[in-house]
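Side chains are part of it too, since the values below use all heavy atoms of this structure and drop only hydrogens, waters and symmetry mates.
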Amino acid sequence: MASESGGLTEYIQHHLTHLRPHTSPDGFWAVHIDSVAVSLVLGAVFCLLFWLMARKATAGVPGKGQAFVELVLEFVDGQVKDVFHGDRRFLGPLALTVFVWVFLMNAMDLLPVDLLPWIFGKLGVGHFRSVPTADINMTFAMSLTVFVLIIFYSFKAKGFNGYMHELFTAPFGKHPALWIPNFLLNVVELLSKPVSLAMRLFGNMYAGELVFMLIAGLFSAGAGLAGWALFGAGIIGYTVWGVFHILIIGIQAFIFMVLTIVYISMAHDHH
C-alpha cells in the first residue's frame, strides 16, 4: 500500500520497476523477466484453449466455447478479407494470433494493481509488472517482427530488382537526381511503421496502468473521515476506469492487428 512504502510517488515507482536478473539489472541486455514470462504464459494459454476447442469442434450445434472461437475466427478473417486480397493462409492465422495475444496481454491490466506483486512478494520477488504491453521493449519486439515480415513480403512479391527499383524511383520519379530523395523518403516511411505500432500500443497501455496505480493510491491515503472518503472515491474510480479500460484493451488489440494486415498488404502493392 502507498502509506507503507513511503508515499504515492515511491508506491508508483515500485510498481513501475521490472523484475530483472540480479547479475546485471541495469545492463544494456537486461531482460525484463516479468514481461517475457507473462507474455509466454498468455501465448501458451491462447494456443491451448484454441487447440482444445478445435479438437472438440463438431459439425452440429456448437457449444458455447466453440461458438465463441468461431465468432473470433470469423471476425478476424473478415478483417483480413477486407484489407488483403491475396493468399490468406499465412496472414489469417497471423492476424488471429496478433489480435488474441495482444488482447490477453492488455487484459492483464484489469487485474488489481497489487495482486500479482503481492503474490510474488510472498515468494521473495521484489518487483513484478503484469502488463507486458505496458513495457516498450515488448511492443517494439512485436512491431519489429511485423517489420521483418514487411521486408520479407516486399522482396517476395516484387523480387529484389523490383523492390530496389521501387525504393529509388517512387514516389517522385525515375530521374537519377531523385533517387536519393526517393530512397530517404521510403526509408523514413518504412521505419515509421514499427515505431507507430509500438508507441501507440505502449502509450495507451502504460497510461492505463498508471491511472490504475494512481487510483489504487487513494485506497490507503489519508486517515479518519477523509481516509474513508478517499477510499470510497478510489473504489468508484477503479470501477469506472476499469469498465472504460475494457474498451481500450479491445480497441488497441484491434488496431495492432489491422495495422499489421495493412502494412503487409502494402508490401504486396506495386508502385
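N137 is not listed as a side-chain neighbour of S35, based on a closest heavy-atom distance of 4.5 Å or more. Contact check for M257 versus V102: no side-chain heavy atoms found under the 4.5 Å cut-off. Side-chain atoms of T133 and F202, non-hydrogen and from C-beta on, never get closer than 4.5 Å to each other. A 4.5 Å side-chain heavy-atom check between L197 and F147 finds every atom pair outside the cut-off. Residues F50 and V100 form a side-chain contact, since some pair of their non-hydrogen atoms from C-beta on lies under 4.5 Å apart. Side-chain atoms of L19 and R129, non-hydrogen and from C-beta on, never get closer than 4.5 Å to each other. The side-chain heavy atoms of Q66 and V69, taken from C-beta on, include no pair separated by under 4.5 Å.
Counting non-hydrogen atoms of neighbouring residues, nucleotides and ligands closer than 6.0 angstrom, the CG atom of L48 exceeds 12 such neighbours. No more than 12 heavy atoms of other residues, nucleotides or ligands lie within 6.0 Å of CZ in F183, so this atom counts as exposed by the packing criterion.
Distance alone, capped at 3.5 Å, is enough to place a donor-acceptor pair between the W101 side chain and the S39 backbone. A donor-acceptor pair under 3.5 Å links the side-chain atoms of N182 to the main chain of L178, judged by distance alone. Using a distance-only test at 3.5 Å, with no hydrogens or angles considered, a donor-acceptor pair links the side chain of S196 to the main chain of S192. Within the 3.5 Å criterion, the main-chain N or O of S130 finds no donor-acceptor partner in the side chain of D34. In terms of modelled atom types and a separation under 3.5 Å, the side chain of W179 and the main chain of T169 share no donor-acceptor contact. A distance-only check finds a donor-acceptor pair linking the side chain of K158 to the backbone of A267 [under 3.5 Å]. Between the side chain of N186 and the backbone N or O of F168 there is no donor-acceptor pair closer than 3.5 Å.
The side chain to side chain contact (heavy atoms under 4.5 Å, CB included) with P112 is formed by just one residue from the set D114, L115, L110; it is L115.
Shown here for A253 and N106, the closest heavy-atom pair between the two residues is N-ND2, 3.9 Å. Residues R20 and T17 share a closest heavy-atom pair of NH1-CG2, 4.3 Å. Pairing each heavy atom of G65 with each of M53, the nearest pair is C-SD, 3.4 Å. For the residue pair H14 and G126, the shortest heavy atom distance occurs at CE1-O, 3.0 Å.
The line from CD1 of I264 to CZ of F84 is 8.5 Å long, rounded to the nearest 0.5 Å.
A tilted orientation is assigned to the rings of F75 and F99, their planes being inclined by 30° to 60°. Relative orientation of the F90 and Y153 rings is tilted, given thresholds of 30° and 60° on the angle between their planes.
If you chain together hydrophobic residues whose side chains sit under 4.5 Å apart, M138 and L144 never meet in one group.
Aromatic ring centroids of H127 and F120 lie 6.0 Å or more apart.
A donor-acceptor contact closer than 3.5 angstrom links the side chains of D109 and H245. In the model, Y263 has no side-chain atom that pairs as donor or acceptor with a side-chain atom of S143 under 3.5 Å.
F68 meets the ring pair (Phe, Tyr, Trp, His ring centres under 6.0 Å) test with no other residue; sequence neighbours excluded.
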